[in-house]
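Report on the following structure.
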Protein chains: 2
Amino acid sequence: MTRKRFDDLDCSVACALDQVGDWWSLLVVKEAMLGTRRFVDFQQRLGIAKNILCNRLNRLVDSGVMSKVDAGEHGTRYEYRLTDKGRDLFTVITALRQWSERWNGNRDDLRLVDRISGHPIRQLRVESDDGQPLTVRDVRFEDAGAERLAKDA
Amino acid sequence: MTRKRFDDLDCSVACALDQVGDWWSLLVVKEAMLGTRRFVDFQQRLGIAKNILCNRLNRLVDSGVMSKVDAGEHGTRYEYRLTDKGRDLFTVITALRQWSERWNGNRDDLRLVDRISGHPIRQLRVESDDGQPLTVRDVRFEDAGAERLAKDA
DNA sequence: CCAAAACGGTTGCATGATGAAACCGTCCTG
DNA sequence: CAGGACGGTTTCATCATGCAACCGTTTTGG
């Protein structure tokens, strides 16, 4: 049986996980954010099998998260770079990193700091439109259809 | 071959993915945030196989993301609830949702709104300690010990 | 009070995904 | 021009997944 697809769930979260929700994809993206661009470097730094890395890079290129550019003048030297869509995963990866550091302790040698000031970055937080912090208890999932019905009535 | 473990990578992101980084775990957590608590409800709403759901719930309980409470007076009626650690994944899931809506379009019937005002929530953004927005290009990974800088992106 | 259904699983099976290693064609490098 | 680096592909053993059937307990309907 093939893995269940999430894109039929009519859920943005499921749709996102369909693109970057497997064991390796987000780590590849994170490694790219550290500056890694070449196949062998991804392979060695992540310790991933070559066939799996090949599969993941192809899928990330297919879904528009990374792009494969010919950087070798003569055809066999490639670079994999983040697209704007891929760079925008910075928020997701930062959220994961902060969550893990809060609850599992900091297992990382590297601290994420502002390049200019050298200060650590702020904790991410979900906010209302007037800037107040929101927890999961402070939000609800409003049915857009019901909203339309209510306005029609 | 068993799946490669990430907890030896000395990376907080890898450590997080080790706990919630598979195809189903974050969807189970998201479903719990919508209010789902019982086994059959998770199963039906997500369309997940029972043995896989059982495995995921057990792993989420083991890693402290959810707790299994006996809600049935007589022993066979259980509820699975988010712990504080699990509720704190709200930021991660919100980041994923916003990313997906930005780049894949809104495939969701449900809009996430402030429970009180009914207004949509703010876009998450990574900020420096003085509140300026930061992209991945504006940060570096500072080695706590040496002064090894991340390569330019 | 009894039968049936719900609940929360467990087991078996077929199939897909993964990891390790070997192999391969092209390019560059000494 | 030989050897190695690069970017894969192939093969194979093992693991994970999805599906359906089954099961013991508890609740519910008549």
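To find a chain, count down the sequence lines: A is the first, B the second, and so on, and within it residues start at 1. Both backbone and side-chain heavy atoms feed into the values below; hydrogens, waters and symmetry mates do not.
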Pairing residues for A/D22 by the side-chain contact (heavy atoms from CB on, under 4.5 Å) criterion, not counting sequence neighbours: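 Testing A/D22 for side-chain contact (heavy atoms from CB on, under 4.5 Å), a comparison that skips the adjacent residues, returns A/W24, A/S25, A/R56, A/R59, B/W23.
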For [X], give me all partners under side-chain hydrogen bond (donor to acceptor under 3.5 Å, both in side chains), at least two apart in sequence or on another chain.
{"X": "A/E127", "value": "A/R125, B/R122"}
{"X": "B/D130", "value": "B/S128"}
{"X": "A/D138", "value": "A/T135"}
{"X": "B/Q43", "value": "none"}

With sequence neighbours left out, write down each residue that passes salt bridge (charged side-chain N to carboxylate O under 4.0 Å, His left out) with A/D84, or none if nothing qualifies. A/R87
Go through the structure and list residues passing salt bridge (charged side-chain N to carboxylate O under 4.0 Å, His left out) with B/R37, not counting sequence neighbours.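 In terms of salt bridge (charged side-chain N to carboxylate O under 4.0 Å, His left out), with neighbours along the sequence ignored, B/R37 is linked to B/E79.
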Mind checking A/N51 for me? I need base, sugar-phosphate or nothing, with any heavy atom below 4.0 Å counting as a touch.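 A/N51: base contact, heavy atoms under 4.0 Å.
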At under 4.0 Å between heavy atoms, how does the protein contact nucleotides 1-8 of chain D? Give one character per nucleotide, 5' to 3', with B, S or -. -----SBB
How many Å lie between [atom1] on [X] and [atom2] on [N], as a whole number?
{"X": "A/W24", "N": "C/dA17", "atom1": "CH2", "atom2": "C1'", "result": "14 Å"}
{"X": "B/L27", "N": "D/dT17", "atom1": "CG", "atom2": "P", "result": "13 Å"}
{"X": "B/W23", "N": "D/dC15", "atom1": "CH2", "atom2": "C1'", "result": "16 Å"}
{"X": "A/I52", "N": "C/dA20", "atom1": "CD1", "atom2": "C1'", "result": "10 Å"}
{"X": "A/R59", "N": "C/dG16", "atom1": "CZ", "atom2": "P", "result": "16 Å"}
{"X": "A/N55", "N": "D/dT9", "atom1": "CG", "atom2": "P", "result": "10 Å"}
{"X": "A/I48", "N": "C/dA21", "atom1": "CD1", "atom2": "P", "result": "15 Å"}
{"X": "B/Q43", "N": "D/dC19", "atom1": "CD", "atom2": "C1'", "result": "11 Å"}

Find the bend of the helix from C/dC1-D/dG30 to C/dG30-D/dC1 as the angle between its two terminal axes (five pairs each), to the nearest 10°.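 That helix has its two terminal axes inclined by roughly 20°.
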Give a yes or no on whether a salt bridge exists between B/R77 and B/D70, defined as a side-chain N under 4.0 angstrom from a carboxylate O.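 Judged by the 4.0 Å cut-off on N to carboxylate O distance, B/R77 and B/D70 do not form a salt bridge.
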Is there a donor-acceptor contact under 3.5 Å linking the side chains of A/Q132 and B/D114?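 No.
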